Amino acid sequence: MSMQLPHDARVGKITVHPSNWDQADIPGKPGPTTKEDWYIFYRWHHPAYPKPKGNLIILKGMNEEKKLSERRKVVRGLIENEIGQLKAGWNPITRKLIPVKTNDLEIPPSYPFVAAFDKAYNLLAKTSSKAEVRKALPHFKKAMRQMKYENLPIGEVRQHHLEVLLIQIGRNKKEEYDNLRTLAVKYSKNTRPSRQLKAKKKIPTEWGASGFNHYRSYLQMLFKILKKVGATEVKPVDDIEKRMAVKKRRKGITADEMNKINTIIRDKHYTFWRFITIFYRSGAREAELMRLKKEDVELQGQRFHVLIKKGKGQHEEVPKTITKEVLHLWEEVMREARRGEYLFSKDLRPGAAAISPRQITIRWRWHVKEKLGIEADFYELKHKNTTQVISIALRKIDEATKVAAVVNNHKSTDMSRKVYDLEADQRLHRELKNVSAEQ
């Protein structure tokens with residue numbers, strides 16, 4: 001059976017010696033033996049290398065396996081890999097890959113698995129999620145190499161291939177985790193604290209259900225692109241089931257820990273403390289504050305405006321309230337900033353360039369978690385503020401809305417909120433401006 005290939009090449013039937021390599025034992029007709037050498041062979045035809053019967057290509061690499069089932073497994077993998085390479089433009093004479101020419105917006109189904117992933121990644125929209133996919137790509141590629149999938153045509157990738165990749169990534173992560181744990185134990189016996197700290201920092205979180213689900217979502221993002229550009233007609237990720245993860249209890253920040261931050265961090269790293277305090281009372285995300293410019297802030301009205309991504313490419317500019325407790329810090333930052341500058345740039349001072357929100361995570365880990373021994377993550381500040389402060393303002397408004405419902409003979413407060421209370425948003429803003437943790 002002949003198969004047409006790129007660059008005017010074609011290949012005849014791919015055959016294995018011995019011919020009964022995949023045959024089970026039958027009484028009176030014994031199966032193959034691993035005592036003889038096995039090999040794969042086929043005839044490759046190309047106008048540049050004319051031969052009447054084609055060029056004989058022989059593949060080996062399976063004879064190291066002495067167990068019959070394992071040798072058969074290697075043979076199947078070699079055949080699958082060779083077909084993938086040939087479809088991708090592999091020249092077995094020069095032993096060079098001449099990629100099939102495509103434009104930037106198309107990926108043919110014959111494109112190799114690993115190369116298709118690289119192209120799909122480049123076509124992803126520039127978001128924080130794309131950065132996470134970039135960090136995951138080396139793990140996908142390593143698993144592809146281990147499973148001999150890297151040259152598998154992307155159009156032939158199915159659910160079982162991706163299931164195998166995720167399982168292999170889990171094994172690799174487990175091995176990495178165990179090795180670094182061993183290293184940490186070794187360094188824990190060393191008297192040098194710096195080496196202990198370095199070893200501890202390198203230990204990754206053990207890859208469980210959460211890690212599996214994240215990598216599954218990265219596959220979904222990539223295959224969504226691959227389907228759009230014609231590389232595949234299927235959605236092989238959709239039927240991969242998510243794993244059940246146990247949601248861990250949040251480690252909130254205590255009053256004593258907040259006092260530590262307000263004294264030690266303020267004295268040693270003032271601009272970081274200023275950002276922490278502003279964020280704590282802002283109700284915004286780190287990324288939203290990092291994108292904030294001077295003209296986005298209205299000090300007189302105690303508001304600032306952030307751009308929130310709503311999904312499907314939609315964005316909405318949303319006003320946030322500046323509470324009286326941190327108004328003086330906002331005024332301080334605004335005095336330092338020039339028009340057009342980001343308020344929290346290098347060193348968390350106003351500047352011309354925006355910095356990554358990851359800078360906050362790095363500073364928090366180093367200055368707060370490691371030096372002060374506080375286990376809570378930076379984002380716990382947002383939850384603490386929501387619980388402690390915002391609920392105070394909402395409670396006042398809720399009580400007033402209940403009174404309005406009684407006046408209008410409504411059984412619930414929904415009608416008062418949605419229809420009659422035309423100034424609900426303005427009232428919430430006025431309450432938030434004056435709210436205080438002491439209330």
Side-chain angles (χ1 to χ4, degrees), residues 128-132 134-136 138 173 176-177 179-207 210-211 214 248-292 326 329-330 332-333 336 342-386:
S128 57
S129 297
K130 182 176 182 177
E132 295 303 313
R134 178 181 58 78
K135 289 187 279 188
K173 292 272 189 178
E176 178 188 3
Y177 178 83
N179 289 342
L180 289 171
R181 288 281 298 178
T182 303
L183 185 67
V185 170
K186 176 183 175 182
Y187 281 173
S188 67
K189 299 173 183 177
N190 196 297
T191 55
R192 289 167 56 187
S194 60
R195 294 191 75 184
Q196 294 178 27
L197 183 60
K198 185 177 180 181
K200 184 180 177 183
K201 283 169 66 177
K202 283 187 175 181
I203 301 174
T205 304
E206 194 164 7
W207 210 64
S210 177
H214 275 96
K248 294 182 180 179
R249 180 176 59 85
R250 291 188 177 277
K251 296 177 180 179
I253 298 178
T254 66
D256 287 342
E257 289 172 338
M258 284 303 299
N259 287 336
K260 271 187 180 181
I261 292 170
N262 283 327
T263 53
I264 298 173
I265 301 299
R266 179 174 183 169
D267 290 343
K268 294 185 176 181
H269 310 283
Y270 178 77
T271 57
F272 183 37
W273 170 84
R274 183 172 67 183
F275 180 87
I276 290 172
T277 310
I278 286 174
F279 172 82
Y280 180 34
R281 295 295 187 221
S282 70
R285 297 180 176 88
E286 305 106 291
E288 293 164 0
L289 289 182
M290 293 309 199
R291 292 193 296 265
L292 208 60
V326 292
L329 294 177
W330 280 97
E332 185 180 294
V333 175
E336 295 176 13
Y342 293 95
L343 297 184
F344 304 103
S345 183
K346 187 177 179 181
D347 196 32
L348 298 177
R349 298 180 186 276
I355 64 172
S356 169
R358 181 167 169 74
Q359 290 294 321
I360 304 302
T361 306
I362 293 170
R363 283 178 167 88
W364 182 269
R365 184 180 66 231
W366 180 249
H367 295 302
V368 177
K369 297 184 83 170
E370 294 187 359
K371 290 187 178 180
L372 300 185
I374 295 174
E375 294 185 10
D377 292 326
F378 178 75
Y379 210 70
E380 290 302 325
L381 290 168
K382 186 177 176 70
H383 294 285
K384 183 175 178 64
N385 179 56
T386 302

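Numbering of residues begins at 1 and proceeds along the displayed sequence. From a predicted model like this one, the values you see are computed outputs, not experimental measurements. Side chains are part of it too, since the values below use all heavy atoms of this structure and drop only hydrogens, waters and symmetry mates.
Atoms CZ and CD, on F272 and Q359 in that order, are 10.5 Å from each other to the nearest 0.5 Å. Distance check: Y280 OH to I276 CD1 gives 12.0 Å after rounding to the nearest 0.5 Å. To the nearest 0.5 Å, the span separating CZ on R358 from CD on E286 amounts to 12.0 Å. One finds the CD1 atom of I362 at 7.5 Å from the OG atom of S356 (value rounded to the nearest 0.5 Å). To the nearest 0.5 Å, atom CD1 of residue I374 and atom CG of residue D256 are 9.5 Å apart. Of the inter-residue distances, the one linking R285 atom CZ with M290 atom CE reads 15.0 Å to the nearest 0.5 angstrom.
Within the 3.5 Å criterion, the main-chain N or O of V333 finds no donor-acceptor partner in the side chain of E336. With hydrogens and angles ignored, the 3.5 Å screen pairs no side-chain donor or acceptor of H269 with any backbone N or O of I265.
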Salt bridge (Lys or Arg N to Asp or Glu O under 4.0 Å) evaluation trace for D377 with K369: CA-CA 8 Å; D377 292 326; K369 297 184 83 170; 2.8 Å; yes
Residues R274, E332; criterion salt bridge (Lys or Arg N to Asp or Glu O under 4.0 Å); working and verdict: CA-CA 10 Å; R274 183 172 67 183; E332 185 180 294; 2.7 Å; yes
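Closest non-hydrogen pair, L289 versus F344, comes out as O-CD1, 3.6 Å. Nearest heavy atoms, S345 versus P350: CB-C, 4.0 Å. In this structure, S210 and H214 approach most closely via the heavy-atom pair O-ND1, 2.8 Å.
Taking the side-chain hydrogen bond (donor to acceptor under 3.5 Å, both in side chains) definition, one finds that K346 meets it with nothing, sequence neighbours left out.
Heavy-atom contacts from other residues, nucleotides or ligands closer than 6.0 Å to NZ of K371 number more than 12.
For the pairing with I278, the side chain to side chain contact (heavy atoms under 4.5 Å, CB included) check across L329, L348, L343 returns one residue only, L329.
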Taking only distance into account, with no hydrogens and no angle test, what donor-acceptor pairs under 3.5 Å do side-chain atoms of residues 257-264 form with protein atoms, sequence neighbours excluded?
from: E257; atom 1: OE1; to: T254; atom 2: N; distance (Å): 3.0
from: N259; atom 1: ND2; to: A255; atom 2: O; distance (Å): 3.3
from: K260; atom 1: NZ; to: L372; atom 2: O; distance (Å): 3.3
from: N262; atom 1: OD1; to: W273; atom 2: NE1; distance (Å): 2.9
from: N262; atom 1: ND2; to: M258; atom 2: O; distance (Å): 3.1
from: T263; atom 1: OG1; to: N259; atom 2: O; distance (Å): 2.9
from: T263; atom 1: OG1; to: K260; atom 2: O; distance (Å): 3.1

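Aromatic ring pairs are classed by plane angle as parallel below 30°, tilted from 30° to 60° and perpendicular above 60°; the pair F378 and W364 is perpendicular.
In this structure, F275 and I360 have side chains that are in contact, with non-hydrogen atoms separated by less than 4.5 Å.
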